[in-house]
Every structure is written in structure tokens, then in C-alpha cells.
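Notes for the one structure printed next.
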Amino acid sequence: MRIVVVGGGIAGLAAAARVRALADEAGARPEIVVIEQANVVGGKLRTGCIAGGPVELGAEAFLTGAGGTPDAWGEGSASQLARRVGLSEALRHPSTARAAIAVGGQLRPVPAGTLVGVPADVSALDGLARPSADGDHDGGRPLVEPGADVAVGQLVRARYGHEVVDRLVDPMLGGVYAGSADELSLAATMPALYARAQTARTLRDAVAAALADGAARRVPGQPIFTTVEGGLSRLVEGVVSLARATVRTGLPVRELGRAGDRWRLTVGATRDPEYLDADAVVLAVPAKPAARLLETVAPKAADALGGLDYASIALVSLALPAGTPLPDLSGFLVPADQGYAVKAATFFSTKWAHLRRPDGTVLVRASLGRYGDTAVLQATDEDLVALVREELADLVGHTLPEPVDTLVARWGGALPQYAPGHLDRVASAREALPVGLALAGAAVDGVGIPVCVTSGEAAAEQVWADLAESRP
Ligand SMILES: Cc1cc2nc3c(=O)[nH]c(=O)nc-3n(C[C@H](O)[C@H](O)[C@H](O)COP(=O)(O)OP(=O)(O)OC[C@H]3O[C@@H](n4cnc5c(N)ncnc54)[C@H](O)[C@@H]3O)c2cc1C
């Protein structure tokens, strides 16, 4: 029996590991093959090297409590996976330094008591944004009709006014999705708020309830975020070993078809294709390749997924000489209307104690590129580094010395832009899938690492159940 996972990002690898666990439980020994078009597995999880030490080129950390069913320690799926691969001792948590928002040339702390920038109490914004006077009235109806979806911006603008969206929600949501609050689905990007918005009649009540829901789930004293000392590529390597899978890199899957009652994958170069047959397939790739592969075997699913668009971004890491002063912050976000290309910066050496270098080198990473605005990404690496230095200097209020090392990571098609109705489209795509085929990953279930892990694991469980039925 052969099970193929297409896409070696964290979702695909989690799927492979889960299939292996299920097979072990059943005393079965299927061949599990992960096919990845890039030369390395890990997808958006990739650790690089700057000034002689590790730095994340993609994702930086993950939520401890999110994804799947929390274990006895309240830990979600990504933390559980990290422990399963033996990384418990390597998990690190961020410092207590706060994040800021750059408004009017000043770095102002992100107000407490907000949910991705949406405040429960608009009077506590400390002048960062002026809320509209009376938009959040109780009109006797829920904020969102049950089952309906809206853009985050549409809801928050109507209730709190434009400044709250432009100065708080948009940069916070943009920090995760590199997209605009006016285009991103409330149900897909803020599920906790969405759940409450279907019954609450004011936004302040919905946010307060969603914040309380989150607090109730949290185990006291448990940090919210975690990462792996040495880099998230260690998690990737650990999951590969756990899966005991055949991993084939540098090999795109081009077509998916049927061969009798099995699947047939066409892989490799168009001129010299290779065919690989499988009893079940998990597709853990972004939406466009997923839709292409589904075209003949599940055209309705292909249609439902194919319209999902992505934002491209670049991350510029700077290693600055020891003693470079920076504000005592974990980093900052820059609203789109403030006239900067940099949309966020993370002061790695302040935020993560384990990233402080013995020689005092200071690590900073800036992110550029917003959905629909990719002009800045056309610049050369050298020009991006120069631009980041110039804008960071402006924002922190002093010039920055020549970096001792720099690293530019470009992510084309990095972050899915879930438009309102995304969850319904995913549900109809899944309904249209034939038996023995499952979807996983950020194209369908959400961008966070824990969500991608859970998504991969659920896809594995589904194809395993399909196989148990069709090949008892
Ligand atoms: C710069 C950046 C920073 C982020 N930071 C965080 C963070 O700090 N915390 C967090 O929780 N999340 C973060 N995210 C989001 C998170 O990292 C991703 O959503 C998640 O890793 C996606 O995992 P995935 O397996 O679904 O997809 P991917 O990682 O995209 O993996 C899909 C894989 O499929 C491969 N593939 C595509 N087409 C084919 C094909 N035809 N054949 C074979 N292989 C194919 C791709 O090469 C890729 O490796 C970040 C994302 C980015 C881009």
C-alpha cells in the first residue's frame, strides 16, 4: 500500500507522520511518500544563517495553545508535535517586551485588551486611534447573521470607525496575512470573534467574550507563543524522521489521475515524466497547484479552490554590530497609510533571549510587501537592504550602522488571502472530493502552524479511514 503526500510543508509532513502513527497502531506497513517540488522540505518553515548563527527565513514561532485538542498541559497540535519529536527541551518563549505601532513617526505600544487589534474597550486606545462616537449600538440583532461571513474591515469600520481599522486592525491582521482587513474574511481569519459575533449585538461584547474564551482555554502561566532553539527546521527534520517516509525533493507533481482503482501521479520534468501510483493522496500544497491537480479528478473542488489569491512578501534580516541601540520593544507594525514600505519589524535579539549572540550582534528582521502592492518587491536584494536600513532608522529615530551581515528571503505567493465565504468554498471543495483524496494546509484551513499541523493530521485520518473501508 502506498500513500502519497504532495507538498512537504508542515501540513504535508504532519499528515505523513499521522499516517505512520495510524499504520503502526494497525500493525500495517504502508509506503509513505512525500513529494516536494522545492529542493528542501519545510515549506514556509526554513531556518537560514546570518552572522554565523540561525535565523528564521519564514515562520518564526507558533501558538502553544492552538490547533487540535489541547493535551493535559493545554498545548495544541504544534507544541505536541514538537514534544513528540523530542524537542521539549529546545522550546523557547518570547520575552515580555511589547510590540508597537508606528503612527505619525512615533512607535506607540499596541494597546492591551485587543483581539488582533480589535479593542473590547475603545476608550482605552490611548489616542492611537479615534473611534467613531456611536457606531457600536445595540440594534437588537446579532452583529453577523448566523452562518453569514463579512470582511473584518467591514464589521469593524461600521462599529468603531475608520481609524481603528486603519491604525490597529489592518496592521495587526496585515502582520499575519500581508493583506487588508477590508478583504479578509472574519470567519476564516478571526474565528473566535466570528463565533461570538453571531450572537453578540455589539462589537465590544463580542470582543470581550472572545477574549474571555481565549483566556478560559489558557493554562495559567503558559506562554502564548513558542519556538525552537536552533530553528524551526529542526521541527521539520524531526517530523520527517517521525513519519519514516520516503521524501523526494526537487520533484513537482504535475498531474493527478486515475489508474484503475488507484491514483496516478505524474511527477518531475514535463519532458521526462515519472508515474507514481498510490492508494491514497493528501494534497498539502497552495491553492493554485491544488486546483491544477484536481482539475480532472474533482473539477468542482478545483473551481472552489482555484480563486484563492496569495500575497507575496520579502523578509530582510540585518545583523547589526554589538551595541546598536534599539527601542525596548519586540518589534513594531506599520499601518499602510504611514508612507513606509516596511510593514513590520521584529527585534529578534530583544524578543528572543536565545537569539542574543554572545558577541552582542543585534538581529532585526523587517517585512515588506502587501497584497496588491508588490512594486517594492521588484527591487534588488541590495536595494531592499538599503531601503530597510533607511526606513528603520527613520522609525527608531537614529541612523543604523552598517550591518555585519544581511539576508533577504523572498516568498512569492506566501500568504493566502481568505476572502469572505472562504470556509464555505473549502467545505464545497471537500464535498466534491473522491474517496481516498484529502486536502490539507494553509490553502484550506488557516495559516497558523498549529492549524496546518491539525489540518495535515485530519487529512491523514480521513484517507486512512477511506482506505480502511475500501481496502480492509
Ligand atoms: C514569511 C512567513 C512568516 C510566517 N510566520 C508565521 C509564524 O511566525 N507563525 C505561524 O504560525 N505561521 C507563520 N506563517 C504561516 C505558516 O508558516 C504557513 O501558513 C504554513 O507553514 C503553511 O504550511 P503548509 O504546509 O500548508 O504550506 P507550505 O509551507 O506552503 O508547503 C507547501 C509545499 O508544497 C510544495 N508544492 C507546491 N506545489 C507543489 C507541487 N506541484 N508538487 C510538489 N510540491 C509542491 C511547496 O514547495 C511547499 O513546500 C508564516 C508564513 C510566511 C510566508
Side-chain angles (χ1 to χ4, degrees), residues 4-16 33-46 48 55-64 66-67 76-79 94 175-179 189 224-228 232-233 235-236 239 247-256 265-268 276 281-294 310-317 331 343-344 346 348 351-352 365-369 408-416 418 439-457 459:
V4 171
V5 176
V6 185
I10 194 65
L13 296 174
V33 185
V34 176
I35 306 187
E36 166 56 53
Q37 74 174 8
N39 291 326
V40 282
V41 286
K44 309 299 185 310
L45 274 59
R46 193 185 295 189
V55 68
E56 297 299 350
L57 301 182
E60 172 194 348
F62 52 83
L63 286 164
T64 50
S77 57
S79 297
V176 179
Y177 294 94
T189 65
I224 295 172
F225 279 100
T226 191
T227 194
V228 176
L232 288 172
S233 284
L235 176 64
V236 170
V239 183
V247 176
R248 301 189 58 190
T249 54
L251 209 60
V253 176
R254 300 199 177 278
E255 272 174 48
L256 178 64
L265 295 103
T266 310
V267 303
L276 189 71
V281 175
V282 173
L283 291 182
V285 292
K288 292 276 184 304
R292 227 168 19 243
L293 293 173
L294 289 168
Y310 282 72
S312 296
I313 58 169
L315 295 174
V316 178
S317 298
K343 83 179 163 56
T346 307
F348 276 152
K351 184 170 176 186
W352 301 101
R365 187 176 84 170
S367 123
L368 303 102
V408 177
R410 292 170 187 269
W411 296 96
L415 292 156
Y418 310 125
L439 292 168
V444 284
D445 292 322
V447 296
I449 295 170
V451 173
C452 290
V453 168
T454 306
S455 168
E457 290 173 344

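As the structure lists them, so they are numbered: ligands from 1, and atoms in each ligand from 1.
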For this session: With heavy atoms of A61 as the reference, note each atom of ligand 1 found under 4.0 Å away.
Result: 7 (C), 8 (O), 9 (N), 10 (C), 11 (O)
Problem set entry | Any V41 side-chain heavy atom under 4.5 Å of T249 side chain | yes
Exercise. Can you list the atoms of ligand 1 that are under 4.0 Å from a heavy atom of P289?
Worked result: 38 (N)
Exercise. Is there at least one pair of N or O atoms, one from G58 and one from ligand 1, spaced under 3.5 Å apart?
Worked result: no
Seminar exercise, completed: among protein heavy atoms, the one nearest atom 21 (O) of ligand 1 is L45 CD1, 3.4 Å
Exercise. Do L293 and V281 pass the side-chain contact (heavy atoms from CB on, under 4.5 Å) test, and can you show the C-alpha distance, the side-chain angles, and the key distance before you say yes or no?
Worked result: CA-CA 11 Å; L293 293 173; V281 175; over 6 Å; no
For this session: Return yes if some donor-acceptor pair links the side-chain N/O of S367 with the main-chain N/O of L315 below 3.5 Å, else return no.
Result: no
Exercise. Within 4.0 Å of atom 9 (N) of ligand 1 (strictly less), any protein heavy atom?
Worked result: yes
Exercise. Which ligand 1 atoms, with their elements, are less than 4.0 angstrom from a heavy-atom of G441?
Worked result: 26 (O)
For this session: Give the residue, atom name and distance (to 0.1 Å) of the protein heavy atom nearest atom 31 (O) of ligand 1.
Result: G9 CA, 3.3 Å
Problem set entry | Shortest protein contact, atom 43 (C) of ligand 1 (heavy atom only) | Q37 N, 3.3 Å
Exercise. Heavy atoms, side chains only, cut-off 4.5 Å: are Q37 and V285 in contact?
Worked result: no
For this session: Would you kindly say whether T64 and T226 are connected by a side-chain donor-acceptor distance under 3.5 Å?
Result: no
Seminar exercise, completed: Any heavy atom of L293 under 4.0 Å from ligand 1? The part involved is neither
For this session: Of the side chain and backbone of A442, name the one, both, or neither that has a heavy atom under 4.0 Å from an atom of ligand 1.
Result: both
Seminar exercise, completed: Taken in chain and number order and not counting sequence neighbours, the residues that satisfy salt bridge (Lys or Arg N to Asp or Glu O under 4.0 Å) with K44 are none
Problem set entry | Pair F225-E60, side-chain contact (heavy atoms from CB on, under 4.5 Å): steps then yes or no | CA-CA 10 Å; F225 279 100; E60 172 194 348; over 6 Å; no
Exercise. In the protein, which heavy atom is nearest to atom 11 (O) of ligand 1, and how far is it?
Worked result: I449 N, 2.8 Å
For this session: May I ask you to decide if G268's main-chain N or O and R254's side chain share a donor-acceptor pair within less than 3.5 Å?
Result: yes
For this session: Would you check if the side chain of Y177 reaches a backbone N or O of V447 as a donor-acceptor pair within less than 3.5 Å?
Result: no
Problem set entry | For atom 32 (C) of ligand 1, the protein heavy atom that lies nearest, with its residue and separation | A284 O, 3.5 Å
Exercise. Can you find an N/O atom of A11 closer than 3.5 Å to an N/O atom of ligand 1?
Worked result: yes
Exercise. Please state which protein non-hydrogen atom is closest to atom 35 (C) of ligand 1 and give its distance, to 0.1 Å?
Worked result: E36 OE1, 3.3 Å
Problem set entry | Side chain to side chain, L232 and E56, heavy atoms closer than 4.5 Å | yes
Exercise. Which one holds for I35 and ligand 1: side chain close, backbone close, both close, or neither close, with close meaning a heavy atom under 4.0 Å?
Worked result: backbone
Problem set entry | Atom indices of ligand 1 within 4.0 angstrom of W411 heavy atoms, with elements | 1 (C)
For this session: Please could you name the atoms of ligand 1 that A414 approaches to less than 4.0 Å, counting only its heavy atoms?
Result: 53 (C)
Exercise. Backbone, side chain, both or neither: what part of L315 comes under 4.0 angstrom of ligand 1, heavy atoms only?
Worked result: side chain
Problem set entry | Numbered atoms of ligand 1 (with element) below 4.0 Å of P252, judged on heavy atoms | 42 (N)
Exercise. Got a donor-acceptor contact below 3.5 angstrom from the S455 side chain to the G441 backbone?
Worked result: yes
For this session: First locate atom OG1 of T454, then atom CD1 of I449, and finally report the distance between them rounded to the nearest 0.5 Å.
Result: 12.0 Å
For this session: For L415, counting its heavy atoms only, list the atoms of ligand 1 lying under 4.0 Å from any of them.
Result: 51 (C)
Seminar exercise, completed: of all protein heavy atoms, closest to atom 18 (C) of ligand 1 is V447 O, 3.3 Å
Exercise. In Å, rounded to the nearest 0.5 Å, how long is the span from CG of L283 to CG of L294?
Worked result: 5.5 Å
Exercise. Quick one: which ligand 1 atoms are inside 4.0 Å of a heavy atom on I313?
Worked result: 1 (C)
For this session: Look at atom 6 (C) of ligand 1 and say which protein heavy atom is nearest, naming residue and atom and giving the distance to 0.1 Å.
Result: A59 CB, 3.3 Å
Exercise. So, is K44 polar-close to ligand 1, with some N/O to N/O distance under 3.5 Å?
Worked result: yes
